[in-house]
Novice: 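The structure is given below, and queries will be raised subsequently.
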Amino acid sequence: MIDPQHHQAPQQPYAPQPPYSHPYQQAHPYQQAQAHPYQQGHAHPYQQAHPYLQQPQQPPQPPAAPREVGDERRMLFAGIDALITCFGGFGLAMQLAEDKTTGTYWTYVAICFFGVSFVHHVLGAVLFRTTVGKFLLMTRVVRADDAGRPRFWQAVRRWLLGLTWLPMQPILGIFGDDGDPYEDGCGLRYVHSRDLRRR
């Protein structure tokens, strides 16, 4: 008769062992207490301390335009420029419309008036940043955002706005408009010439 205890599976001579690890890795106190800083997701210390990596430099902002001139100076150079435009327009018309009829003469007056005004206020502002009246009162025309030279279409819009100022005064007085639509000046500003030299 066969003993069932003799038919059991033979015992393995070696029991399964845990994965092998180096003895220094188990016993080294520094590696057990503190992991490597780069393995924990920390950034490089140079990246943490470098100011240009933490705070990128902003592009330089354009300088703002100097303060605007007062109302008294504005009225003075506006009066001088108006006289130059009127005398220049009439004088040029008299030279061109000599011995012409009355209707032709006034047509020349209108054309010469607007032509002299355009050259004086638009081209003078774009090329020289001033007119004769502004030059005599040490005033310059600049862009309000960065104190640069006026652009052509800015000067054209400002010239057209100035032409409507006098005819619009009775209308604004009738409706009692509290706001002044001529303060903006199409992005242009009248400033002291000495303030531009300091920049």
Side-chain angles (χ1 to χ4, degrees), residues 55-98 102 105-199:
Q55 299 179 354
Q57 288 184 341
Q58 299 294 332
Q61 299 296 329
R67 61 185 178 89
E68 196 167 7
V69 299
D71 293 336
E72 294 80 6
R73 182 171 296 202
R74 289 170 63 105
M75 289 186 292
L76 286 175
F77 67 65
I80 295 173
D81 290 337
L83 291 176
I84 292 175
T85 301
C86 291
F87 282 104
F90 277 106
L92 185 60
M94 292 179 63
Q95 296 294 328
L96 297 176
E98 188 177 3
T102 304
Y105 169 77
W106 287 108
T107 302
Y108 274 92
V109 168
I111 295 174
C112 293
F113 174 82
F114 286 105
V116 171
S117 178
F118 179 85
V119 172
H120 190 205
H121 290 86
V122 176
L123 299 184
V126 173
L127 298 177
F128 307 106
R129 297 196 296 183
T130 189
T131 60
V132 175
K134 299 177 183 65
F135 178 78
L136 294 176
L137 294 176
M138 296 179 291
T139 305
R140 298 294 182 269
V141 186
V142 297
R143 295 197 300 265
D145 52 355
D146 58 358
R149 187 182 300 276
R151 297 184 178 92
F152 177 76
W153 291 113
Q154 281 182 314
V156 171
R157 291 196 301 269
R158 186 66 184 89
W159 172 65
L160 295 176
L161 194 65
L163 290 178
T164 62
W165 182 84
L166 188 60
M168 285 295 295
Q169 294 308 305
I171 300 176
L172 295 177
I174 293 174
F175 288 98
D177 191 3
D178 295 333
D180 191 351
Y182 301 93
E183 284 296 328
D184 174 68
C186 302
L188 300 180
R189 179 179 296 181
Y190 303 127
V191 300
H192 297 271
S193 57
R194 63 175 180 271
D195 293 339
L196 294 177
R197 289 194 294 265
R198 296 172 183 173
R199 300 169 69 87

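Positions are given from 1 along the sequence.
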Novice: What do you reckon, is CZ of Phe135 surrounded by more than 12 foreign heavy atoms closer than 6.0 Å?
Specialist: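 Not buried by this count: 12 neighbours or fewer within 6.0 Å.
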Novice: Carefully, step by step, assess Phe113 and Cys86 under the rule side-chain contact (heavy atoms from CB on, under 4.5 Å).
Specialist: CA-CA 6 Å; Phe113 174 82; Cys86 291; 4.0 Å; yes
Novice: Could you go step by step and tell me if Cys112 and Leu96 meet the side-chain contact (heavy atoms from CB on, under 4.5 Å) rule?
Specialist: CA-CA 9 Å; Cys112 293; Leu96 297 176; 3.9 Å; yes
Novice: Working note: Arg158 + His121, criterion side chain to side chain donor-acceptor pair (under 3.5 Å); need CA distance, chi angles, decisive distance, verdict.
Specialist: CA-CA 9 Å; Arg158 186 66 184 89; His121 290 86; over 6 Å; no
Novice: Looking only at non-hydrogen atoms, find the nearest pair between Ser117 and Thr85 and report the distance.
Specialist: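 For Ser117 and Thr85, the tightest heavy-atom pair comes out as CB-CG2, 3.5 Å.
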Novice: Any chance you could lay out the side-chain contact (heavy atoms from CB on, under 4.5 Å) test for Asp81 and Lys134, step after step, and finish with the verdict?
Specialist: CA-CA 8 Å; Asp81 290 337; Lys134 299 177 183 65; 3.3 Å; yes
Novice: Would you check, one step at a time, whether the test side-chain contact (heavy atoms from CB on, under 4.5 Å) holds for Phe90 with Tyr108?
Specialist: CA-CA 9 Å; Phe90 277 106; Tyr108 274 92; over 6 Å; no
Novice: I'd like to check Arg143 versus Leu188 (side-chain heavy atoms, cut-off strictly below 4.5 Å). Are they in contact?
Specialist: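 When only atoms from C-beta onward are counted, Leu188 and Arg143 do touch, with a gap below 4.5 Å.
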Novice: Minimum heavy-atom separation for Trp159 to Val122, with atom names?
Specialist: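 Residues Trp159 and Val122, closest heavy atoms: CB-CG2, 3.6 Å.
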Novice: Kindly compute the distance separating OG1 (Thr102) from CH2 (Trp106), expressed to the nearest 0.5 Å.
Specialist: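 Going from the OG1 atom of Thr102 to the CH2 atom of Trp106 covers 9.5 Å.
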Novice: For the CZ atom on Phe128, are there more than 12 heavy atoms of other groups (residues, nucleotides or ligands in this structure) within a distance under 6.0 Å?
Specialist: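 Not more than 12 within 6.0 Å, no.
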Novice: Say whether, by atom type as modelled, one donor and one acceptor occur between the side chain of Arg140 and the main chain of Val191 under 3.5 angstrom.
Specialist: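 A pair under 3.5 Å: no.
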Novice: Quick check against the 3.5 Å criterion: does Asp195 have a side-chain atom that pairs as donor or acceptor with the backbone of Pro66?
Specialist: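 Checking the backbone N and O of Pro66 against the side chain of Asp195, no donor-acceptor pair under 3.5 Å is found.
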Novice: Counting only N and O atoms by type, is there a donor-acceptor contact under 3.5 Å from the side chain of Arg149 to the main-chain atoms of Leu127?
Specialist: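 Between the backbone of Leu127 and the side chain of Arg149 there is a qualifying donor-acceptor contact (under 3.5 Å).
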Novice: Evaluate whether atom CZ of Phe118 has more than 12 neighbouring non-hydrogen atoms of other residues, nucleotides or ligands under 6.0 angstrom away.
Specialist: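 Result for CZ/Phe118: enclosed.
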Novice: For Val126 and Phe152, work out which heavy atoms get closest and say how close.
Specialist: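 Minimum heavy-atom contact is CG2-CA, 3.8 Å.
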Novice: Could you tell me whether the side chain of Thr130 and the main chain of Thr139 form a donor-acceptor pair under 3.5 Å?
Specialist: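 Yes: the side chain of Thr130 pairs with the backbone of Thr139.
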Novice: Please report the shortest heavy-atom distance between Leu161 and Cys186, naming the atom on each side.
Specialist: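 Residues Leu161 and Cys186, closest heavy atoms: CD2-SG, 4.5 Å.
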Novice: How far apart are the closest heavy atoms of Gly187 and Gln154, and which atoms are they?
Specialist: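 Taking Gly187 first and Gln154 second, the nearest heavy atoms are O-NE2, 3.9 Å.
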Novice: Between Glu68, Met138, Arg73, which is the residue that forms a side-chain contact (heavy atoms from CB on, under 4.5 Å) with His192?
Specialist: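 When side-chain contact (heavy atoms from CB on, under 4.5 Å) is applied between His192 and each of Glu68, Met138, Arg73, only Arg73 qualifies.
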Novice: Would you mind reporting whether Ile84 and His120 have side-chain heavy atoms less than 4.5 Å apart?
Specialist: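 In contact.
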Novice: Where do Pro150 and Arg129 come nearest, in terms of heavy atoms and distance?
Specialist: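 Heavy atoms only, the tightest pair is CD-CG, 3.8 Å.
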Novice: Aromatic ring centroids of Tyr190 and Phe77 under 6.0 Å?
Specialist: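 Close enough - the centres of the two rings lie under 6.0 Å apart.
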Novice: Has Gln95 got a side-chain atom pairing as donor or acceptor with Leu92's backbone, closer than 3.5 angstrom?
Specialist: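 Answer holds: no.
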